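A short worksheet on the structure shown next.
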Amino acid sequence: MEKRIINPWQWQNERSYVQAVEVKHVESTLYVSGQTAISADGISSDKDMKSQLIEAIQNLEQVVSEAGYECSNIVRLNIYTTATSELWPHFNILQDWIKKHQLQQATTLLEVKSLFETLKVELEATAVK
């Protein structure tokens, strides 16, 4: 697999994403449903944004690794939140996770009216190998 990052500007670097990712010679692609703070028993978290973000990241990592992929090969990460104002104070958690895995992914962040049940944040990813 070959990845090429397209960044006409530099400002996005501080925000932990890239403008575009071109991938060639891919063996396979994994499309991951939005991962949230839902327990292994299927119970939606009613905790705060920070706790839910951490659990959503852990769930995303588990799905990606159980599928036989590496988080470092996530090329697209969409973030949905019910409140960007609640997410921003904890955005460094996501940025640290991105840095830990040396991700260079295209990202879209959207504030939505609601998510399933009591959920506040959802991470949807595409990974390649």
Side-chain angles (χ1 to χ4, degrees):
M1 172 193 59
E2 178 184 330
K3 285 195 287 188
R4 180 173 72 108
I5 304 304
I6 297 92
N7 268 340
W9 312 284
Q10 297 299 312
W11 56 261
Q12 71 283 323
N13 298 344
E14 295 297 317
R15 295 180 173 118
S16 302
Y17 74 97
V18 299
Q19 295 298 328
V21 181
E22 179 184 43
V23 184
K24 295 180 181 180
H25 314 294
V26 173
E27 176 185 320
S28 55
T29 304
L30 179 69
Y31 300 94
V32 183
S33 291
Q35 296 302 302
T36 59
I38 294 182
S39 71
D41 298 327
I43 299 169
S44 297
S45 174
D46 60 359
K47 294 181 181 173
D48 63 10
M49 181 68 77
K50 179 180 180 182
S51 299
Q52 287 200 22
L53 178 59
I54 291 168
E55 190 172 355
I57 290 169
Q58 291 169 344
N59 287 342
L60 177 58
E61 282 185 337
Q62 184 173 351
V63 171
V64 169
S65 66
E66 285 193 21
Y69 288 72
E70 295 180 19
C71 288
S72 61
N73 286 335
I74 291 174
V75 294
R76 179 119 184 115
L77 180 66
N78 293 333
I79 306 161
Y80 305 93
T81 182
T82 56
T84 52
S85 62
E86 289 181 46
L87 180 62
W88 291 136
H90 311 294
F91 201 71
N92 65 307
I93 293 169
L94 186 62
Q95 288 181 302
D96 291 346
W97 179 78
I98 288 168
K99 185 176 180 179
K100 170 185 163 187
H101 291 286
Q102 300 178 342
L103 294 182
Q104 290 187 297
Q105 80 294 339
T107 292
T108 298
L109 176 109
L110 295 171
E111 183 173 296
V112 296
K113 183 176 179 179
S114 67
L115 292 170
F116 185 70
E117 297 179 337
T118 55
L119 300 171
K120 298 174 180 271
V121 64
E122 186 166 330
L123 306 174
E124 176 186 62
T126 304
V128 295
K129 66 176 174 177

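None of these values were measured; they are calculated from a predicted model.
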Would you give the length of the straight line joining atom CD1 of I54 to atom NZ of K47, rounded to the nearest 0.5 angstrom?
10.0 Å
E70 atom CD, over 12 foreign heavy atoms within 6.0 Å:
no
Evaluate the side-chain contact (heavy atoms from CB on, under 4.5 Å) criterion for residues E61 and H101: first the C-alpha distance (whole Å), next the side-chain angles of each, then the deciding distance (0.1 Å), finally the verdict.
CA-CA 10 Å; E61 282 185 337; H101 291 286; 2.9 Å; yes
With heavy-atom distances below 4.5 Å as the criterion, would you say the side chains of M1 and N73 are in contact?
yes
With a 3.5 Å cut-off and sequence neighbours excluded, list the donor-acceptor pairs that the side chains of residues 35-44 form with protein atoms.
residue: Q35; atom: NE2; partner: S33; partner atom: O; Å: 3.0
residue: S39; atom: OG; partner: D41; partner atom: N; Å: 3.3
residue: S39; atom: OG; partner: I43; partner atom: N; Å: 3.1
residue: S44; atom: OG; partner: E117; partner atom: OE1; Å: 2.6

Closest contact, heavy atoms only, L30 versus A67:
CD2-CB, 3.6 Å
Per the side-chain hydrogen bond (donor to acceptor under 3.5 Å, both in side chains) rule, what does the pair list look like for residues 20-30, sequence neighbours excluded?
R4-E22, S28-Y69
Quick check on side-chain contact (heavy atoms from CB on, under 4.5 Å): which of T107, N7, N13 does V18 satisfy it with?
N7
Do V23 and L103 sit in one hydrophobic cluster, given that two such residues count as connected whenever their side-chain heavy atoms are within less than 4.5 Å of each other, even indirectly?
no
Is it possible for you to say whether V75 and V32 belong to one hydrophobic cluster, with membership spreading through side-chain heavy-atom contacts below 4.5 Å?
no
Aromatic rings W9 and W11: how do their planes relate, parallel, tilted or perpendicular, breaks at 30° and 60°?
parallel
Contact summary for Q105 and I74, nearest pair of heavy atoms
CB-O, 3.7 Å
Work out which heavy atom in V21 is nearest to a heavy atom in K3; give both atom names and the distance.
CG1-CD, 4.3 Å
Please lay out, stage by stage, how Y17 and I79 fare under the test side-chain contact (heavy atoms from CB on, under 4.5 Å).
CA-CA 12 Å; Y17 74 97; I79 306 161; over 6 Å; no
Gap between atom CG of N59 and atom CD of Q52 - 0.5 Å precision:
11.0 Å
Flag yes if more than 12 heavy atoms outside E14 fall under 6.0 Å of its CD atom; otherwise flag no.
no
Tell me if the CD atom of Q95 is crowded by more than 12 foreign heavy atoms within 6.0 Å.
yes
To the nearest 0.5 angstrom, please state how far the CZ atom of F91 sits from the OG1 atom of T81.
10.5 Å
Under a 3.5 Å distance rule, please check whether E111 uses its side chain to pair with a backbone N or O of T84 as donor and acceptor.
yes
Output a table of donor-acceptor pairs, distance under 3.5 Å, between side-chain atoms of residues 118-129 and any protein atom two or more places apart or on a different chain; print 'none' if there are none.
residue: T118; atom: OG1; partner: S45; partner atom: O; Å: 2.5
residue: K120; atom: NZ; partner: E86; partner atom: OE1; Å: 3.4
residue: E124; atom: OE1; partner: N78; partner atom: ND2; Å: 2.9
residue: E124; atom: OE1; partner: Y80; partner atom: OH; Å: 3.0
residue: K129; atom: NZ; partner: G68; partner atom: O; Å: 3.2

Is it possible for you to say whether I93 and L115 belong to one hydrophobic cluster, with membership spreading through side-chain heavy-atom contacts below 4.5 Å?
no
Should I57 and L109 be counted in the same cluster of Ile, Leu, Val, Met, Phe, Trp and Tyr side chains packed under 4.5 Å apart?
yes
